[in-house]
Amino acid sequence: RVLVADDHAIVRTGIRHVLESEPGFVVVGEASTGAEALDLAESLHPDVAVLDISMPGESGLRVAAELRRRAPSTQVLILSMHDNTEYVLESLRAGVHGYLLKDTAATELRGAIRAVRRGESFFSPAIAGKLSAVLRGDQAESASHALRQLTGRERQVLIGFAQGHTNREIAA
């Protein structure tokens, strides 16, 4: 029993199709906002809530944290395009059981839902790598790598923001 929450109707439809094309999955509700997801979770008692991070109103992170209080038996899986380490860490702090990127294969999504339903954790390989780097203390190296990927102009803009300049000042 799965609740799907994403602000894009086509994404919700796609997830429904991916899940219901295989026995054992029933999408019991769809939500386009965080508030709607909370209300549906309270009334439908899904086994797993698949949440996007970026939704109107309440973010998926806030919904995940609130679900721990309102529907503690519902496991939470984040399905997002964001592979930012901070989002992943905030998701874990909010009590999610898994984090998948939206470029995941259908079989991986179904496997992740099954895993979190059993109370296990499940992360996309890229996300698992980021978590591993954090635990090893490689955050500084990861940040350094990200900075090396910036163009010269992107570095100038970043420095300008860090120095408190306005967009107009940076552009000039």
Side-chain angles (χ1 to χ4, degrees), residues 1-139 142:
R1 296 176 36 83
V2 180
L3 169 66
V4 178
D6 193 292
D7 56 330
H8 296 98
I10 196 163
V11 172
R12 292 192 310 272
T13 301
I15 294 170
R16 176 184 287 275
H17 176 72
V18 162
L19 296 180
E20 292 185 340
S21 67
E22 185 164 309
F25 293 94
V26 177
V27 176
V28 295
E30 295 181 22
S32 61
T33 68
E36 190 178 4
L38 286 169
D39 291 342
L40 286 173
E42 271 189 303
S43 65
L44 299 172
H45 306 287
D47 297 314
V48 177
V50 177
L51 306 176
D52 185 17
I53 286 181
S54 304
M55 290 187 291
E58 298 289 332
S59 74
L61 298 177
R62 296 193 75 152
V63 171
E66 188 63 19
L67 280 176
R68 287 176 64 191
R69 189 176 68 76
R70 290 197 203 178
S73 64
T74 298
Q75 309 293 337
V76 178
L77 175 66
I78 295 291
L79 181 64
S80 178
M81 64 179 204
H82 302 290
D83 67 350
N84 179 294
T85 304
E86 275 307 308
Y87 279 135
V88 177
L89 294 175
E90 283 301 314
S91 294
L92 290 171
R93 289 181 194 113
V96 306
H97 297 85
Y99 194 112
L100 288 180
L101 296 175
K102 284 188 175 177
D103 65 357
T104 191
T107 55
E108 188 175 19
L109 174 61
R110 289 189 295 258
I113 291 172
R114 284 187 184 108
V116 300
R117 168 69 173 92
R118 292 188 304 264
E120 300 169 10
S121 296
F122 195 102
F123 299 93
S124 289
I127 299 303
K130 288 180 181 295
L131 290 174
S132 180
V134 168
L135 292 174
R136 283 192 315 268
D138 295 345
Q139 282 179 299
S142 173

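We count residues from 1, following the sequence as given.
Taking OG of Ser124 as the start and CD1 of Ile78 as the end, the distance is 12.0 Å to the nearest 0.5 Å. Between the CG atom of Leu109 and the CG atom of Leu101 there is a distance of 12.0 Å, given to the nearest 0.5 Å. To the nearest 0.5 Å, atom CG of residue Asp47 and atom CZ of residue Arg118 are 12.5 Å apart. The distance from atom CG of Leu77 to atom CZ of Phe123, rounded to the nearest 0.5 Å, is 9.5 Å.
For Thr104, the side chain to side chain donor-acceptor pair (under 3.5 Å) partners are Glu108, not counting sequence neighbours. A search for side-chain contact (heavy atoms from CB on, under 4.5 Å) contacts involving Thr107 returns Ala105, Arg110, not counting sequence neighbours. Applying the salt bridge (Lys or Arg N to Asp or Glu O under 4.0 Å) criterion to Asp7, with sequence neighbours excluded, gives no partner residue. Phe122 meets the ring-ring contact (aromatic ring centres under 6.0 Å, His included) test with no other residue; sequence neighbours excluded. Considering only residues two or more places apart in sequence or on other chains, Arg70 meets the side chain to side chain donor-acceptor pair (under 3.5 Å) condition with Glu42, Glu66. For the salt bridge (Lys or Arg N to Asp or Glu O under 4.0 Å) test, residues two or more places apart in sequence or in another chain that qualify with Arg114 are Glu22. The side chain to side chain donor-acceptor pair (under 3.5 Å) check on Ser32 picks up Glu36, with sequence neighbours excluded.
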For this session: Take Leu131 and Leu89 through the test side chain to side chain contact (heavy atoms under 4.5 Å, CB included) and record every step on the way to the result.
Result: CA-CA 8 Å; Leu131 290 174; Leu89 294 175; 3.9 Å; yes
Exercise. Where do Val96 and Leu51 land on the side chain to side chain contact (heavy atoms under 4.5 Å, CB included) test, with the steps shown first?
Worked result: CA-CA 10 Å; Val96 306; Leu51 306 176; over 6 Å; no
Exercise. Would Val76 and Ser91 satisfy side chain to side chain contact (heavy atoms under 4.5 Å, CB included), going step by step from the backbone distance to the final call?
Worked result: CA-CA 10 Å; Val76 178; Ser91 294; over 6 Å; no
For this session: Assess whether side chain to side chain contact (heavy atoms under 4.5 Å, CB included) is satisfied between Leu19 and Ile113, documenting all intermediate values.
Result: CA-CA 9 Å; Leu19 296 180; Ile113 291 172; 3.5 Å; yes
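In this structure a side-chain-to-backbone donor-acceptor pair under 3.5 Å is missing from Thr33 to Pro56. In terms of modelled atom types and a separation under 3.5 Å, the side chain of Ser21 and the main chain of His17 share a donor-acceptor contact.
Applying the ring pair (Phe, Tyr, Trp, His ring centres under 6.0 Å) rule to pairs touching residues 76-115 yields His82-Tyr87, sequence neighbours excluded. A salt bridge (charged side-chain N to carboxylate O under 4.0 Å, His left out) check over residues 97-107, counting only residues at least two apart or in different chains, returns the pairs Asp6-Lys102, Asp52-Lys102. Applying the ring pair (Phe, Tyr, Trp, His ring centres under 6.0 Å) test to residues at least two apart or on different chains, none of the pairs has a partner in residues 28-60.
Here the side chains of Leu3 and Thr74 are not in contact, with every heavy-atom distance at 4.5 Å or above.
A pairwise comparison of heavy atoms in Ala41 and Leu67 identifies CB-CD2, 3.3 Å as the closest pair. When all heavy atoms of Val63 and Ala37 are compared, the pair lying nearest together is CG1-CB, 4.2 Å.
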Acceptor/donor pairs from residues 23-31 side chains to any protein atom, 3.5 angstrom cut, sequence neighbours excluded:
| from | atom 1 | to | atom 2 | distance (Å) |
| --- | --- | --- | --- | --- |
| Glu30 | OE1 | Arg12 | NE | 3.4 |
| Glu30 | OE2 | Arg16 | NE | 2.5 |
| Glu30 | OE2 | Arg16 | NH2 | 3.0 |

